[in-house]
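Data block below; observations after.
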Number of protein chains: 2
Amino acid sequence: MARTRTSLSLEQIIEAAITTLDAVGAEKMTLRGLAAQLDSGVASLYWYAAGKDQLMAIVSDELLGRALDEAEALERADQPHPKQFENYPPPEPDGRTSTGTAEGLLQIRRLVLCLFVQMLEHRWLASQLIKAGPDEQNSLTYWELVGQALQNSGLDLTRQLQASMVVSTYASGMGAEVSQRAIEREAAEDAEAQQTAQIDHWASFSEEDFPFVHSVLGEFENLDEASDFIMGLDLVLSGLERLTWD
Amino acid sequence: MARTRTSLSLEQIIEAAITTLDAVGAEKMTLRGLAAQLDSGVASLYWYAAGKDQLMAIVSDELLGRALDEAEALERADQPHPKQFENYPPPEPDGRTSTGTAEGLLQIRRLVLCLFVQMLEHRWLASQLIKAGPDEQNSLTYWELVGQALQNSGLDLTRQLQASMVVSTYASGMGAEVSQRAIEREAAEDAEAQQTAQIDHWASFSEEDFPFVHSVLGEFENLDEASDFIMGLDLVLSGLERLTWD
DNA sequence: TTCGCCAATGGAACGACGTTCGATGCATCG
DNA sequence: CGATGCATCGAACGTCGTTCCATTGGCGAA
């Protein structure tokens with residue numbers, strides 16, 4: 001085995017880091033474990049990144065870039081959303097909505113859903129995107145693309161800025177919540193038993209004090225982890241659409 | 001000084017923990033520092049809580065309880081929202097909306113804003129609420145109250161459940177994002193210089209590649225940290241209101 | 001009152017982590 | 001062929017959450 005000048009590369013580190021992060025999560029992934037997986041030493045990683053935080057920022061930006069690429073590919077192919085979400089069609093635009101606005105909102109929906117795909121595959125991504133500000137390259141591009149989709153909406157500039165930040169923020173904020181619930185569900189060896197046990201626990205509370213919880217206990221089987229995220233996203237976009245009516 | 005049987009109490013620990021967390025944040029708060037502030041030893045804390053994670057869950061639930069109390073007090077006084085947000089009046093309900101729905105949405109808005117007040121005072125709270133599931137007492141009550149406000153909306157049970165989870169999730173998810181940006185802004189000794197430096201940095205990017213970013217650069221002075229959260233909340237509620245029309 | 005139990009405490013140590021330091025290898029160039 | 005500097009890695013440092021265990025002191029039972 002010919003050892004070249006550099007036995008490590010940033011791409012290799014990123015790939016290994018993603019694998020490890022997917023396996024054990026952000027907190028339990030250690031630089032020692034990552035170095036061992038790369039058949040290397042801990043200190044070597046510090047030549048490529050200033051520390052664990054920066055390494056995770058780099059890795060997150062990589063996945064954000066993949067989401068942007070996927071969104072662009074879908075737009076070229078005239079697909080309204082990733083194929084994973086065919087069961088969640090975009091709501092019909094109202095008659096009062098201009099075609100420019102409707103197209104912009106669909107672009108935003110496609111973009112956010114592409115990012116959400118990455119969040120479902122990598123449960124640590126969303127909370128990491130929260131910690132790292134919009135300093136990275138792809139994070140800025142993401143924000144820019146959301147904003148561009150709003151430029152033909154007829155909203156004034158302040159509203160455009162606000163709406164772009166709300167949408168950008170929504171993805172990572174809501175994504176972090178959904179990811180966390182998915183992590184907890186996976187932590188139990190028997191996911192289904194865990195679910196029913198949770199429901200039974202809720203059922204043990206007084207029906208008098210918690211009438212709503214009791215009333216919806218039977219509705220949980222109709223939901224999956226994606227439905228909350230997508231419904232909330234469509235509520236935001238629906239509210240945004242309504243803003244353009246006045 | 002007569003040393004009683006127990007020199008520590010859970011209430012004292014909670015109070016000291018909140019103070020320390022507000023001062024240094026969740027990650028830099030150490031059990032050693034907390035014990036020193038209580039003039040006690042590290043291991044003593046383990047008699048009251050199983051570990052740092054559980055301690056933070058207890059503290060978070062305490063603040064969530066304060067938010068619930070404040071919301072109840074406001075409802076008694078017929079106040080639509082905490083006085084901190086008088087500059088952000090609730091949007092007028094549409095004519096097509098039933099009074100039951102409009103009242104429910106206003107209750108939700110008041111509840112979420114009371115929680116947001118605590119998040120602004122304690123920047124570590126939101127991300128902590130994400131990590132801890134809805135197992136704690138007040139977390140369940142919070143969810144229940146959101147759901148009760150939806151029971152007269154005319155939505156079917158599945159939609160009620162979905163909407164209640166979207167709203168509950170929105171607060172912590174979006175709150176974590178807003179809190180993080182506030183932390184970063186405070187980290188710099190000169191907040192205003194930091195802000196203009198950030199804007200200058202964005203301005204350094206190509207106007208051709210980032211037309212939207214350039215167009216809204218001058219609008220930042222019109223926003224504060226609360227506006228994104230509240231606008232997003234009102235967008236969600238507006239979308240929810242629209243759902244009840246059909 | 002006295003004794004013994006046990007809730008409650010805290011000093012010390014353990015193991016794991018992120019990070020730093022210094023020495024070493026090795027390709028490249030004069 | 002020797003010097004330069006990029007790239008690597010073993011070892012150590014400091015700090016953290018956590019655990020162990022001896023000790024304390026109030027309180028009920030005899």
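Note that this is a predicted model, so its numbers are computed, not measured.
- Under 4.0 angstrom from either OP1 or OP2 of C:dG10 there lies at least one side-chain N or O belonging to B:Ser44.
- One interatomic measurement links the two molecules: CG of A:Leu8 to C1' of D:dT8, which rounds to 9 Å at whole-angstrom precision.
- Distance B:Leu34 CG to C:dT9 P: 13 Å, rounded to the nearest Å.
- At whole-Å resolution of the value, CG in B:Leu10 and C1' in C:dT9 are 16 Å apart.
- Separating the CG atom of A:Leu38 from the P atom of D:dT8 is a distance of 11 Å, rounded to the nearest angstrom.
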Give me the distances for all protein-to-nucleotides 15-19 of chain C N/O pairs that come in under 3.5 Å?
residue : atom : partner : partner atom : Å
C:dG18  : OP1  : A:Lys52 : NZ           : 3.1
C:dG18  : OP2  : A:Leu31 : N            : 3.1
C:dG18  : N7   : A:Arg32 : NH1          : 2.7
C:dG18  : O6   : A:Arg32 : NH2          : 2.7
C:dT19  : OP2  : A:Tyr46 : OH           : 2.8
C:dT19  : OP2  : A:Lys52 : N            : 2.8
C:dT19  : O5'  : A:Tyr46 : OH           : 3.0

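- Side-chain contact check for B:Trp124 versus B:Ser60: some heavy-atom pair is nearer than 4.5 Å.
- The nearest whole Å value for the distance from the OH atom in B:Tyr48 to the P atom in C:dA7 is 13 Å.
- Between the side chain of B:Lys52 and the backbone N or O of B:Met29 there is at least one donor-acceptor pair closer than 3.5 Å.
- A ring-ring contact (aromatic ring centres under 6.0 Å, His included) with A:Trp143 holds for exactly one of B:Phe210, B:Trp202, B:Phe205; it is B:Trp202.
- Considering only residues two or more places apart in sequence or on other chains, A:Glu225 meets the salt bridge (charged side-chain N to carboxylate O under 4.0 Å, His left out) condition with A:Arg185.
- Residues B:Tyr170 and B:Phe229 bring their aromatic ring centres within 6.0 Å.
- For A:Ser40, a side-chain nitrogen or oxygen approaches OP1 or OP2 of D:dC9 to under 4.0 Å.
- Remark: side-chain polar atoms of A:Thr169 are not paired, donor with acceptor, to backbone N or O of A:Val166 under 3.5 angstrom.
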